[in-house]
J.: 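Please find one structure pasted underneath; my questions will follow.
Sequence lines set the chain letters: A, B, ... in the order given, protein chains first and strands last, and positions in each chain run from 1.
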Amino acid sequence: MAEPRKSDRQAMTDLERLRHSCAHVLATAILRFWPGAQFAAGPPVENGFYYDLELEHRITPEDLVAIEREMKKVVEENQLFERIAVSREEAIRLANEGSLGSIGARSEPSKFKLDILQGISPNEEISLYRNGDFTDLCAGPHVTRTGEIGAFKLTSVASAYYKGDPNNAQLQRVYGTAFKSPTELDAYFAQIEEAKKRDHRKLGRELNLFCIDEEVGPGLVLWKPKGAVIRRELQRFISEELRKQLYTEVFTPHIGRLALYRTSGHYPYYRESQFPPLIEPEMLSRLALEGCSCADLAHKLEAGDVDGYLLKPMNCPMHIKIYSSELRSYRDLPIRLAEFGTVYRWEQSGELGGMTRVRGFTQDDAHIFCTEEQLTQELQSCLQLVLKVLGTLGMHSYRVRLGLRDPNSAKFVGASEHWDKAEEALRKGVEFLNIAYTEETGEGAFYGPKIDFVVRDVIGREWQLGTVQVDYVLPQRFGLSYVAADNTQRRPVMIHRAPFGSLERFCGVLIEHFAGSFPVWLAPEQVRILPISEKHISYAETILNLFSETGIRTTLDKSSEKVGAKIRLAQQEKVPYMLVLGAREEQAGQVAVRSRKAGDEGAVSATQFVERILKEVEERQLN
RNA sequence: GCCCAUGUAGCUCAGUCGGUAGAGCACGUCCUUGGUAAGGACGAGGUCACCGGUUCAAUCCCGGUCAUGGGCUCCA
């Protein structure tokens, strides 16, 4: 489940060593075209390697072809990779004369290499690697000769900031991949092609699940009838579980006063990730008369001189207000408020994509208000719920991340003793459930640590789905309290949790997980009736009515196509069950069952088949 | 937001070295009534993303905008 984290270079696998060496070959080839290119870092990555470089010329896809040809030559030259240990002074001297990440000395120093050198600790040995006439500052290791790189391909060029910091220089990043043999390379690309077929954006369109309309807005999902069925079934599933666990459901509006989010701290600290505030019409007119500029308005909003409404970026402040609307006793706790709450966030335009990264989404949200003593137990229940959800859907390839605060970052608020308690409670929770997890600093929410369930999509990107978070900060900011047994006012602790995370993202991942072939309980269309000819339509309608009355989502294909064509269409649309109805079935009162997966299953009585489907739905079978 | 690429019919894509466009699938009508992955004929469909420039003439060349895709950054 958990990926081994790439740490020290000595731990490089053979494949990583090969790919890292290929990055050097890439640099060698690029320098033959542009000797002045400044190289930064060129590590192996999950599916290949890249090398970052600064170069005035923009590398085009055509350039990649030419570079690839040149790389082939370097491989054919079968150059020896030679390790050279040097003193720090010598390395700095070479960097200053431009000889690192370079073919020979140059007029400009190797500035990135120089900077990297500065970061190497004094007790660490500094090494260079040379292949042919290309020398690079590099800890290695490498393959022995360039000829060992059996097969490679450059895949794309993108931009990246030096050391990932947007304040640094913007570099060009050339991506590629490499394998020991051409067979493996081909298999890799074939697998990518295969994965693309289950891309939720493609399937979402083909299966009419959802669409995103330019005029409605980027990152705003329209759930079409078939997608809506899936979403409704997922919501129903969650609601059932919540009822069992004594949650209560609430509804809250989509907008709220800016003041609310000032108290919570979402505004103005996260204002760049929110839709800008809505200003009351009267206020807007008055400001216009005063000749207020946009800059003034922004300033007034930030300073709190002008109020407005915010499209809600989170549900918690509203749920907090429901909590504080009554006097609470320790006897009432825990109070568990759940809502499928739609929130809006201004995600950066370059980050939007399909259903996995959107600007408006619905969380299967809930907030639990409890005493500190109840915290551990509640966290365990929440984590169990997430596991139940993922288990029911057969999703087993996820990793669990415990997101902690970064003590050096100003992003995190709240007392450190609260963070410690919260982190400890979460750690206990995952350990109690015996889940493998990794701890990552800086991955916490601003108000507290969290457990995230992270999955990968078809192109290997990671997405956070389910999340369980502990929060001491918001109860304090909103002055929440309950009356304890000793008649003192105590502060409750809050848990934020969402087993799906967001319905949009979860559905996107789910489409890919099932490759569009949803289990019966989720399938938008569960049964399609295929009469052999028009003569059998009236029998087909009888069957349709019988099925529809039981709540089974059934349709009838009345088209004048032959059964073969009807079957083909139903298969393409991934309908789990087809019922072929002709004279034989009509006479016997039966239905000929064909399943999406197993094909022709023979005839059974209609009621028998209804029972089978109802059972599969009831048990949420994964078939 | 940044870098690169892309934008032609509902979908997948051709095409025009500048003279306002084409295929397959889907869709509609008709014929066909066929037993487990494509029966046939005809037809309708496009301001070639949008705005501006160059030109006698722009879908094509140039500039800008928007959107999509891949990265980067960010992510409550």
J.: Taking salt bridge (Lys or Arg N to Asp or Glu O under 4.0 Å) as the test, write out the residues that go with A:E512, two or more places apart.
T.: none
J.: Look at all strands and tell whether A:L171 reaches a base, only sugar-phosphate, or nothing, counting heavy atoms closer than 4.0 Å.
T.: nothing
J.: What's the CZ-C1' distance between A:F446 and B:C75, to the nearest Å?
T.: 13 Å
J.: A:Y270 vs A:F446 aromatic rings, parallel, tilted or perpendicular, using cut-offs 30° and 60°?
T.: tilted
J.: What interatomic distance, in whole Å, is found between P of B:U12 and the corresponding atom of B:A26?
T.: 15 Å
J.: With C1' as the reference atom in both, quote the distance from B:A9 to B:G28 in angstrom, rounded to an integer.
T.: 15 Å
J.: Please list, one pair per line, the donor and acceptor atoms closer than 3.5 Å that link side chains of residues 585-593 of chain A to other protein atoms, with sequence neighbours excluded.
T.:
from   : atom 1 : to     : atom 2 : distance (Å)
A:E585 : OE1    : A:G582 : N      : 2.8

J.: Residues in ring-ring contact (aromatic ring centres under 6.0 Å, His included) with A:F478, at least two apart?
T.: none
J.: Measuring only the C1' atom in each nucleotide, how far is B:U20 from B:U8? A whole number of Å is fine.
T.: 13 Å
J.: Which residue lies toward the 5' end of RNA chain B, A:G217 or A:R461, if each is placed at its nearest nucleotide?
T.: A:G217
J.: Ignoring hydrogens and geometry beyond distance, is the side chain of A:S159 in donor-acceptor contact with the base of B:G71 at under 3.5 Å?
T.: yes
J.: Report the residues that fulfil ring-ring contact (aromatic ring centres under 6.0 Å, His included) with A:H319, sequence neighbours left out, ordered by chain and then residue number.
T.: A:H367
J.: Under 4.0 Å from OP1 or OP2 of B:G70: is there any side-chain N or O of A:R173 that close?
T.: no
J.: Name the nucleic acid region contacted by A:P218, choosing base, sugar-phosphate or nothing; use a 4.0 angstrom heavy-atom cut-off, strictly under.
T.: sugar-phosphate
J.: So A:F500 and A:F506, would you call those rings parallel, tilted or perpendicular, with 30° and 60° as cut-offs?
T.: tilted
J.: Between B:C42 and B:A23, how many Å separate the two P atoms, rounded to a whole number?
T.: 12 Å
J.: Which ones in residues 557-570 of chain A lie close to RNA chain B, meaning a heavy atom under 4.0 Å from one of its atoms?
T.: A:S560, A:E561, A:K562, A:V563, A:G564, A:A565, A:I567, A:R568
J.: Tell whether A:E585 reaches the base of B:G35 with its side chain through a donor-acceptor pair below 3.5 angstrom.
T.: yes
J.: Checking understanding here: a glycosidic angle within 90° of 0 is syn, the rest anti, so what is B:G7?
T.: anti
J.: Does A:R357 get its side chain close enough to the base of B:C75, under 3.5 Å, for a donor-acceptor pair?
T.: yes
J.: In terms of ring plane angle, is the pair A:H254 and A:Y344 parallel, tilted or perpendicular, where the classes change at 30° and 60°?
T.: tilted
J.: Quick one: list whatever passes salt bridge (Lys or Arg N to Asp or Glu O under 4.0 Å) with A:K562, sequence neighbours left out.
T.: none
J.: Under 3.5 Å, which protein N or O atoms sit close to an N or O of nucleotides 10-12 of chain B? Give each pair with its distance.
T.:
from  : atom 1 : to     : atom 2 : distance (Å)
B:U12 : OP1    : A:R205 : NH2    : 3.0

J.: A:K450 NZ to B:C75 P: how many Å, rounded?
T.: 10 Å
J.: Does any pair with a residue in residues 53-65 of chain A pass salt bridge (Lys or Arg N to Asp or Glu O under 4.0 Å), and if so which ones, sequence neighbours excluded?
T.: A:E54-A:K111
J.: Starting at the 5' end of RNA chain B, what dot-bracket string do you get if Watson-Crick and G-U pairs under 3.5 Å are bracketed, crossing pairs use [ ], other-strand pairs use | and unpaired bases use dots?
T.: (((((((..((((.....[..)))).(((((.......))))).....(((((..]....))))))))))))....
J.: Taking only residues two or more places apart in sequence or in another chain, which ones pass ring-ring contact (aromatic ring centres under 6.0 Å, His included) with A:Y323?
T.: A:F369
J.: Between B:G18 and B:C61, how far apart are the two C1' atoms, rounded to whole Å?
T.: 8 Å
J.: If we check side chain to side chain contact (heavy atoms under 4.5 Å, CB included) with A:I320, which of these qualifies: A:L337, A:L474, A:D471, A:T263?
T.: A:L474
J.: Using the C1' atom in both, what is the distance from B:A21 to B:U59, to the nearest Å?
T.: 9 Å
J.: Looking only at side-chain atoms of A:R58, point me to the closest of B:C72, B:G35, B:C4.
T.: B:C4
J.: Mind checking the P distance from B:A49 to B:U16? Whole angstroms is fine.
T.: 16 Å
J.: Under the salt bridge (Lys or Arg N to Asp or Glu O under 4.0 Å) definition, can you give me all pairs with a residue in residues 203-227 of chain A, not counting sequence neighbours?
T.: A:K202-A:E206, A:K226-A:E525
J.: Between B:C72 and B:U29, how far is it from one P atom to the other, in whole Å?
T.: 50 Å
J.: With sequence neighbours left out, what residues match A:Y309 under ring-ring contact (aromatic ring centres under 6.0 Å, His included)?
T.: none
J.: Checking all strands, does A:Q274 fall into the base, sugar-phosphate, or nothing category for heavy-atom contacts under 4.0 angstrom?
T.: base
J.: Which part of the nucleic acid, if any, lies within contact of A:G164, taking any heavy atom under 4.0 Å across all strands shown: a base, the sugar-phosphate backbone alone, or nothing?
T.: sugar-phosphate
J.: How would you label the contact of A:Y175 with the nucleic acid (heavy atoms, under 4.0 Å): base, sugar-phosphate, or nothing?
T.: sugar-phosphate
